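The shown structure was predicted, so the numbers you read here are calculated from the model rather than taken from an experiment. Naming: A, B, ... by sequence-line order, numbering from 1 per chain.
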There are 2 protein chains.
Amino acid sequence: MSEGAVHRGRAASSGQPKSDTRAAGSGEASVVERRDEILEIAATLFAERGYRATSIRDIAERAGMKAGSLYYHITSKEALFVEIHDKALDAAAARVRAVIAGCRSPWERLEAACVEMLEIQLNPESLTLPIMNNFRSVPDEVKDALIRKRDEFERIFRDIIAALPLPSAIDRTIYRILLLRLLNTADEWYREGRLTRPEIAAQIVGIFRHEAG
Amino acid sequence: MSEGAVHRGRAASSGQPKSDTRAAGSGEASVVERRDEILEIAATLFAERGYRATSIRDIAERAGMKAGSLYYHITSKEALFVEIHDKALDAAAARVRAVIAGCRSPWERLEAACVEMLEIQLNPESLTLPIMNNFRSVPDEVKDALIRKRDEFERIFRDIIAALPLPSAIDRTIYRILLLRLLNTADEWYREGRLTRPEIAAQIVGIFRHEAG
DNA sequence: CCTACCGATCGGTAGG
DNA sequence: CCTACCGATCGGTAGG
């Protein structure tokens, strides 16, 4: 069991500690639990400040250790970011799929998906939130992996939109791109206070809702 | 004439060279012209990579000089960014105002404004393009000035949207926020090739178009 | 997990 | 406009 619950073991050498010295019932935190803490801390910081503006020292400090020590848990800043990004998208996909499963009509599905996406993007429960579209500050070598993963996630929305009875003049590809752009960058334009998240989602769906003639 | 055509002299100490030793008819570039070149170069780089990822040395290199020499023309990286941002928004405002002046109906005005915004955002003529919403990587001290300027610009759209015969269920504030978010970040989601800019603008207006019942 | 350090790079300055 | 440099900070490593 070299692969803990956290890690999906997809990327061959992702740099987690080799053995899980779990704390056999004692009050001690296991190595994988410590690693999870670090992932959450890093996710929060990356989401707040972006990739470049978040330093290894920032992350280490919040985790209560020195920068060098962090490298016991991770292999590199880049690998850390990719892992967080992948996990965040997996979690988001699961949440959106769960919530649309209970819907009957296509428009209901769209609205439920929008509400859930806003919750994911705007709630600071770290690991799930940062869809992080701010790829500009991410090194090129990493970008491809991130984009592939994101495209995979967006297939959920492609399917929802495919089922909508839209007027034929509307291009479903650009429809999806625009909608996802708004949802994925919600943390950048959302202003706390005036409208609730479901109200915002309803406004978005209200704007994007067009029935075929 | 310590204020050249480029500079609006709004921000008190913006750091341009004190006197314009213009090249009295000769083939020599004047100091203000050199400064304009630097502004264009910096604008392009900031737009491509964001504030933080663009180094003073990058800018200097493209301008054919050393990092230190740049400080003959500018006072600081932050002041440079603010100046570019202000100029870009002024130019964008002028272009959008000019284009909607020739429109008769509210929906025509909205579509014309959208087309123009996409042109501005997607054409790499540097100085005009970077509305740069990527404020995350910008230092806090600068952010307030940028936001104030941006709010000023967005008044144009507030007025256009105020004139639209929208259904009462649609909140015009969030309507404006969503629309501007799409237009301002077009360079991040636009994929060259499939649809032209006017076609994209038409799709956006098609989605955002709702007549009151 | 720590100390101590590496080479690289950053924005900016001095002095010409 | 240049050279030469500053202190700060970066991601990462060695050796314990």
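The separation between B:Leu70 atom CG and D:dC1 atom P is 9 Å, rounded to whole Å. Straight-line distance from the CZ atom of B:Arg49 to the P atom of C:dT9: 13 Å, rounded to whole Å. Summarising the geometry, the separation between NZ on B:Lys66 and P on D:dT3 is reported as 6 Å, rounded to the nearest angstrom. Atom CD in B:Glu61 sits roughly 12 Å away from atom P in D:dC2 (whole-Å rounding).
No donor-acceptor pair closer than 3.5 Å links the side chain of B:Glu37 to the backbone N or O of B:Arg34. Judged by distance alone, with hydrogens and angles left aside, the side-chain atoms of B:Asp58 form a donor-acceptor pair with the main-chain N or O of B:Ser55 at under 3.5 Å. A distance-only check finds a donor-acceptor pair linking the side chain of B:Thr54 to the backbone of B:Leu45 [under 3.5 Å].
Minimum atom distance to the side chain of A:His73 is reached by C:dC1, of the listed C:dC1, D:dT3, D:dC1.
For the pair B:Glu40 and B:Arg35, the salt-bridge criterion is not met [side-chain N within less than 4.0 Å of a carboxylate O]. We find that B:Glu154 and B:Arg158 are not joined by a salt bridge, their nearest charged nitrogen and carboxylate oxygen being 4.0 Å or further apart. Between A:Lys87 and A:Asp90 there is no salt bridge, since no side-chain nitrogen of the basic residue lies less than 4.0 Å from a carboxylate oxygen of the acidic one. A salt bridge is absent between A:Lys66 and A:Glu61: the closest approach of a Lys/Arg side-chain nitrogen to an acidic carboxylate oxygen does not fall below 4.0 angstrom.
Because its NZ or CZ atom is both nearer than 6.0 Å to the ring centre of A:Tyr51 and within 45° of the ring axis, A:Lys77 counts as a cation-pi partner of that residue.
With pairs defined as Watson-Crick or G-U wobble and both atom distances under 3.5 Å, the stems of at least three pairs that touch DNA chain C come out as C:1-16 with D:1-16.
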In 5'-to-3' order, the base (B), backbone-only (S) or no-contact (-) status of each nucleotide in nucleotides 10-16 of chain D, using a 4.0 angstrom heavy-atom cut-off, is BBBB---

